[in-house]
Structures are given as C-alpha cells and as structure tokens.
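Following: one structure in structure tokens, then a few remarks.
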Amino acid sequence: METPEQQHPTSPVSAPLNCVEERLWRSLQRLLVTLPRTLDEDLLRSTGLSLTQYTVLMHLSEADGTGLRMTDLATATGLSASRITRLVETLRAEGLVVKRPHSTDARGSMAVLTEAGWRRLRGAYPAHLASARRRVIDRLDPALVDQLAEELRAVADPLQARCRASHDLRPEIAEQGTGRR
C-alpha cells in the first residue's frame with residue numbers, strides 16, 4: 001500500500017495540528033455544517049424564504065442592473081448549474097425574478113430581480129440580520145470582530161478566487177472534450 005507521500009509526491013506533509021489548532025478546526029467544521037442549517041431554519045420560519053433563495057435574491061440585488069448570467073449566479077452562490085436553474089425557476093414562478101436571454105451571448109441567460117423580488121428581499125432582510133446577530137455576531141467579543149473579519153477574509157478570498165478561476169476554465173474544458181475550439 002502506498003503512503004500519502006507516495007500517492008502525491010509533490011504535496012508536502014503538514015505538521016499535525018496542536019490542541020488549539022485542532023479545536024479551531026473542529027469548531028470551524030461544525031460551524032460550516034450547522035450555521036447554514038440554522039440560518040435557513042430561522043429565515044424559513046420568519047419569512048418563508050430559504051437561505052439559498054435569500055442569497056440568490058441578495059446577489060441579484062447587488063449586481064449591475066439587478067441581473068446576473070446564470071453561470072455567474074451559480075458561481076456566486078456556490079450552486080451547480082442545474083441547481084441554480086431549478087432555483088431560479090422557482091423564484092420566477094413566484095414572480096421574484098425573470099429570466100431573459102443574455103444581450104450579447106445567445107447561449108447565455110440572465111436572471112433579473114423583479115420589483116416583487118426587491119420587496120421580498122427587503123422584507124426578509126431584518127429577519128436575516130436578526131438571525132446573523134443572534135447566532136454569530138452577538139456571540140463574539142466585539143474587540144475581536146475586526147481582526148476576525150480580516151483573518152477570515154484572508155482565508156476566504158483566495159478560495160473564492162480559485163473557485164472563480166475554476167468556473168472560468170469550465171467552458172474551455174467542455175469545448176476541449178467535444179473537440180471544438
């Protein structure tokens with residue numbers, strides 16, 4: 001049987017985590033699983049919107065012209081293309097978004113926030129904010145919030161850039177697989 005070093009010879013073997021690092025890592029893992037579920041339950045109970053629906057509406061509200069290409073919306077929300085298509089269709093059926101052909105790319109579609117979508121998002125914002133405060137912000141030492149925000153940004157930004165770069169490569173990979181250039 002090969003050792004991890006033999007399977008991936010270019011990957012350096014990291015030192016084991018010390019007790020404090022292990023506690024941080026395990027807490028972060030639990031947070032990544034439980035926080036979205038908890039925020040989703042809070043939002044659903046108070047507004048009828050899921051956290052994923054809220055996130056889609058939020059990204060659309062922040063986009064130029066309140067619209068995004070479906071592929072960009074999928075990347076921004078961390079959803080697959082098929083999942084974002086189903087979700088946008090649900091939001092469209094509720095009158096919260098419209099789906100339009102992209103103005104310069106006939107292959108692409110845009111999701112655009114409607115006035116009803118704006119109202120729904122604005123109505124849900126106070127409940128989402130209260131949940132975020134109650135579940136996270138108010139549990140942190142106020143003196144550490146700025147430092148923690150910077151530390152987490154330093155972790156999140158490169159990961160997000162990697163995801164975007166991976167997304168940008170997908171059309172080329174798909175074209176290579178079909179033999180088209």
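As the structure is a prediction and not an experimental result, all values here were calculated from the model.
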Which heavy atom of I84 sits nearest a heavy atom of A74, and at what distance?
CG2-CB, 3.7 Å
Could you pull out the closest heavy-atom pair between L57 and G117, with the gap in Å?
CD1-O, 4.3 Å
Do the side chains of L49 and L44 get nearer than 4.5 Å, heavy atoms only?
no
Can you get from Y125 to V56 by hopping between Ile, Leu, Val, Met, Phe, Trp and Tyr side chains that sit under 4.5 Å apart?
yes
Under a 4.5 Å side-chain heavy-atom rule over Ile, Leu, Val, Met, Phe, Trp and Tyr, are L60 and V88 clustered together?
yes
Check this for me: does any side-chain nitrogen of one of E94 and R119 sit under 4.0 Å from a carboxylate oxygen of the other?
no
Between T114 (side chain) and G95 (backbone), is there a donor-acceptor pair under 3.5 Å?
yes
Does CZ belonging to R122 count more than 12 external heavy atoms closer than 6.0 Å?
yes
Are L73 and L121 linked, directly or through intermediate hydrophobic residues, by side-chain heavy-atom contacts shorter than 4.5 Å (ILVMFWY only)?
yes
So do the side chains of D42 and R134 get within less than 4.5 Å of each other, counting heavy atoms only?
yes
Quick check: do L113 and L96 have side-chain heavy atoms less than 4.5 Å from each other?
no
Straight-line distance of K99 NZ to T85 OG1, nearest 0.5 Å:
5.0 Å
Identify the heavy atoms of A127 and T47 that sit nearest to each other, and give their distance.
CB-CG2, 3.7 Å
Quick check: closest heavy atoms across T52 and L79, and the distance to 0.1 Å?
CG2-CD1, 3.6 Å
L24 reachable from L152 in the ILVMFWY side-chain graph, under 4.5 Å edges:
no
First locate atom CG of L87, then atom OG of S82, and finally report the distance between them rounded to the nearest 0.5 Å.
11.0 Å
Closest non-hydrogen contact found for M70 with A111 is SD-CB, 3.8 Å
Nearest 0.5 angstrom please: L144 CG to E151 CD, how far?
10.5 Å
Side chains of residues 30-39: which donor-acceptor partners sit under 3.5 Å, not counting sequence neighbours?
from : atom 1 : to  : atom 2 : distance (Å)
T34  : OG1    : R30 : O      : 2.7
T38  : OG1    : T34 : O      : 2.8

With a 4.5 Å heavy-atom cut-off, do H128 and L51 have their side chains touching?
yes
Distance in Å, R153 CZ paired with E150 CD, rounded so as to fall on 0.5 Å steps:
4.5 Å
Give, for atom CG of L28 and atom CZ of R23, the distance between the pair rounded to the nearest 0.5 Å.
13.5 Å
Going from OG on S50 to CD on E41, what distance comes out if it is rounded to the nearest 0.5 angstrom?
12.5 Å
For the hydrophobic clusters of this structure (ILVMFWY residues joined by side-chain heavy atoms under 4.5 Å, transitively), does one cluster hold both L91 and V112?
no
Search all heavy atoms of H59 against all heavy atoms of L68 and return the closest pair with its distance.
O-CD1, 3.9 Å
Apply side chain to side chain donor-acceptor pair (under 3.5 Å) to R86 and list each qualifying residue two or more places apart in sequence or on a separate chain.
none
When you check the side-chain N and O atoms of T104 and H102, is any donor under 3.5 Å from an acceptor?
yes
Going through the distances and angles, do R83 and E89 end up as a salt bridge (charged side-chain N to carboxylate O under 4.0 Å, His left out)?
CA-CA 10 Å; R83 178 70 179 111; E89 183 54 34; over 6 Å; no
